[in-house]
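Before any comments, here is the structure.
What you see is a predicted model; the values in this text were computed from it and never measured. Starting from 1, each residue takes its place in the sequence as its number.
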Amino acid sequence: MNRLKIFGGLLGLFLFSSGLAVAEEPSNAPDQPWMRLGTVSNGVLVVDRDLVINAALKHNEMLAASGAMRDAADADALGAMRGFLPQIQLGEYFMRSDDALNVFGFKLQNRGVTPLDFGITPTGFESHRINQPGEENNFITRIQLLQPIFNGGMGLFGKQAANAMGRAAGFEHARAKETIRFHAIQAFEGLTLAMAYEEVMEAAVASAEGHVRQARSMVDNEMATEADFLQAKVYLSTLQQKLIEIRNMMAVAGENIKLLTAVDVDLPLVTSSTPVLDPGHTIAPVFTEFFDPEAIQFRSDLKAQREKAVAAGKMVGVAWGGLLPHVNLSIQKDWYDLETLFGSNSNSWTLGVYATMGFGIQNISDIKKARAQSRAASYMVDFETRQAQVQAKEALLGAKAAHEKVLVARDAVEASRSGLKIVTNQYREGLATMVNLLDTQAYAIQAEGNLVQALHDFNVGLANLEFAGAVKPTNAA
């Protein structure tokens, strides 16, 4: 039957449009987690749109993870300073040897040489004292400072690349916030949509119950057949089943808001507002001239992609730096002792400048790889910019279409209500069949559902205008 197809279509449309997502940020935390969302009234938690958005921005775990990744990127940018800063190395070394040269050197180094070490004894010269001096210890305490002087630009370009990646992570976190805010709006509007569907179906069930009573009365008065009564009962049962499904969808929509905002509460959720179904209610239109082609430049995801392209370009400089000589300054001081750890019988200073240079197939490979990655990043910027332009236009067209659908759906609701009144009166007078009446009511329910869906799409579409970059964000300079 047509009415069964209509109900199936409405249900599918609701399922398609009520998908929800996840999100971080307010202060002055309430005493109870549920207070983040609204107030309790008559055993339900009445959630407010702004409170849902704020709770999602502050408490969503995925957004918190995004913030942690941004902090990690900032830490990498700070660590990139190592290419400019000196390194200090501390060491303590122990050496033990019976090699004649080393043993003599240990003693000489520690000012411990005696005539015996030259084989000179009171009884004469003994060469074995020189050749077989026995084992000797030596302790060396060393401090060394290494200062890069020139590293082929690897330090400079590496720092610039790390800074760019840090900025990219910041923009990605900002986009995560924008995404979470948009999903919070979707979540709230999804619950509002479910509540509006419930209102429509409750009215439909009440009307169908009236039809059942009317059909029973007319059958008793021999003004209708038993088949009319049975059709009315089957139709009522169908509506009651749909109402059960919609209430289940409401519960699921509420659970998604709890997930989004990290609020664990056993109360069912309802919204503080419902779509206005009055056909005479006005709604602000969306005009094409609202579209700003430059607005997409404010999208944080595009800013992040551009910074990644900058970082990739700097990595080409890092790769080239591997081919150039690296010059370093070294300052070293050693303390020596034959018997004591950290002793200082003697000491020495060493100052030096040394250079290293590596050239091989790996360096060439690194340069080619860095160049290719830089080109790829530039191509991605170009593509994602054009893709964002399409998304922005799509968002504007979607909002305009939703606005037009609201106007059309309101006319349809007004016409369907009038038509239902006419057919209901005709049925009472025997001028229409129960099939006519039930089909007319099904179309009236469809019109109400279409209006609810159109209002939901329009509200979400307005939020999507800024998210997609069709208009400049409210905080744009």
Side-chain angles (χ1 to χ4, degrees), residues 9-26 29-30 32-67 173 175-202 241-275 395 398 402 449 452-464 466-468:
L10 283 173
L11 189 60
L13 189 59
F14 172 76
L15 284 169
F16 176 77
S17 63
S18 61
L20 307 175
V22 260
E24 175 189 9
E25 263 171 278
Q32 298 294 330
W34 58 262
M35 295 176 65
R36 305 170 190 163
L37 304 182
T39 58
V40 174
S41 177
N42 298 324
V44 297
L45 178 56
V46 183
V47 298
D48 178 79
R49 188 176 190 262
D50 291 337
L51 291 180
V52 169
I53 294 172
N54 290 336
L57 290 174
K58 183 174 181 63
H59 299 285
N60 182 264
E61 297 92 340
M62 294 301 292
L63 190 54
S66 171
H173 181 58
R175 186 58 175 177
K177 286 186 177 181
E178 296 166 5
T179 302
I180 290 309
R181 184 181 185 281
F182 179 62
H183 285 318
I185 293 173
Q186 284 185 312
F188 181 86
E189 295 298 337
L191 180 57
T192 301
L193 175 64
M195 291 177 57
Y197 269 126
E198 182 190 38
E199 182 180 340
V200 170
M201 293 307 299
E202 284 178 341
Q241 293 177 51
K242 299 301 180 185
L243 180 58
I244 292 172
E245 294 176 9
I246 287 174
R247 284 173 174 166
N248 179 67
M249 295 173 193
M250 277 185 60
V252 172
E255 291 301 317
N256 275 281
I257 289 181
K258 295 176 187 178
L259 175 64
L260 178 73
T261 57
V263 171
D264 294 323
V265 60
D266 293 333
L267 297 173
L269 270 59
V270 298
T271 62
S272 56
S273 63
T274 56
V452 167
Q453 185 67 54
L455 288 167
H456 166 272
D457 293 346
F458 181 75
N459 289 332
V460 174
L462 289 179
N464 193 35
E466 183 173 320
F467 178 71

Test side-chain contact (heavy atoms from CB on, under 4.5 Å) on F467 and T179 and set out the steps. CA-CA 7 Å; F467 178 71; T179 302; 3.5 Å; yes

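- Residues T192 and H456 fail the side-chain proximity criterion, which asks for heavy atoms closer than 4.5 Å.
- Taking CE of M62 as the start and NE2 of H183 as the end, the distance is 10.5 Å to the nearest 0.5 Å.
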Step-by-step side-chain contact (heavy atoms from CB on, under 4.5 Å) determination, E245 to M201: CA-CA 11 Å; E245 294 176 9; M201 293 307 299; over 6 Å; no

L63 vs K177, test: side-chain contact (heavy atoms from CB on, under 4.5 Å). Steps then yes/no. CA-CA 7 Å; L63 190 54; K177 286 186 177 181; 3.8 Å; yes

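- Residue M250 comes nearest to A194 through the heavy atom pair CG-CB, 3.3 Å, listed as atom of the first residue, atom of the second, then distance.
- Rounding to the nearest 0.5 angstrom, the gap separating the CG atom in L193 from the CD atom in E198 is 12.0 Å.
- Interatomic distance, F188 CZ to I257 CD1, rounded to the nearest 0.5 Å: 7.5 Å.
- Shortest non-hydrogen contact noted between V452 and Y197 is CG1-N, 4.3 Å.
- Between L37 and A55, the shortest heavy-atom distance links the atoms CD2-CB, 3.8 Å.
- Side-chain atoms of R49 and E189, non-hydrogen and from C-beta on, do get closer than 4.5 Å to each other.
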V40/M35 under side-chain contact (heavy atoms from CB on, under 4.5 Å): CA gap, chis, key distance, verdict: CA-CA 9 Å; V40 174; M35 295 176 65; over 6 Å; no

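- Nearest heavy atoms, P268 versus G43: CD-O, 3.6 Å.
- The closest donor-acceptor contact from the side chain of N248 to the backbone of I244 lies at 3.5 Å or more, if one exists at all.
- Shown here are the side chain to side chain contact (heavy atoms under 4.5 Å, CB included) partners of V265, two or more places apart in sequence or in another chain: W34, L45, K258, V263, L267, L269.
- Scored by the salt bridge (charged side-chain N to carboxylate O under 4.0 Å, His left out) test, R175 finds E178, D301 as partners (sequence neighbours excluded).
- When all heavy atoms of R36 and L51 are compared, the pair lying nearest together is O-CB, 3.2 Å.
- For the 3.5 Å distance criterion, the side chains of T261 and H59 fail to qualify, holding no donor opposite an acceptor.
- In terms of modelled atom types and a separation under 3.5 Å, the side chain of N464 and the main chain of V460 share no donor-acceptor contact.
- In this structure, A187 and L260 approach most closely via the heavy-atom pair CB-CD2, 3.8 Å.
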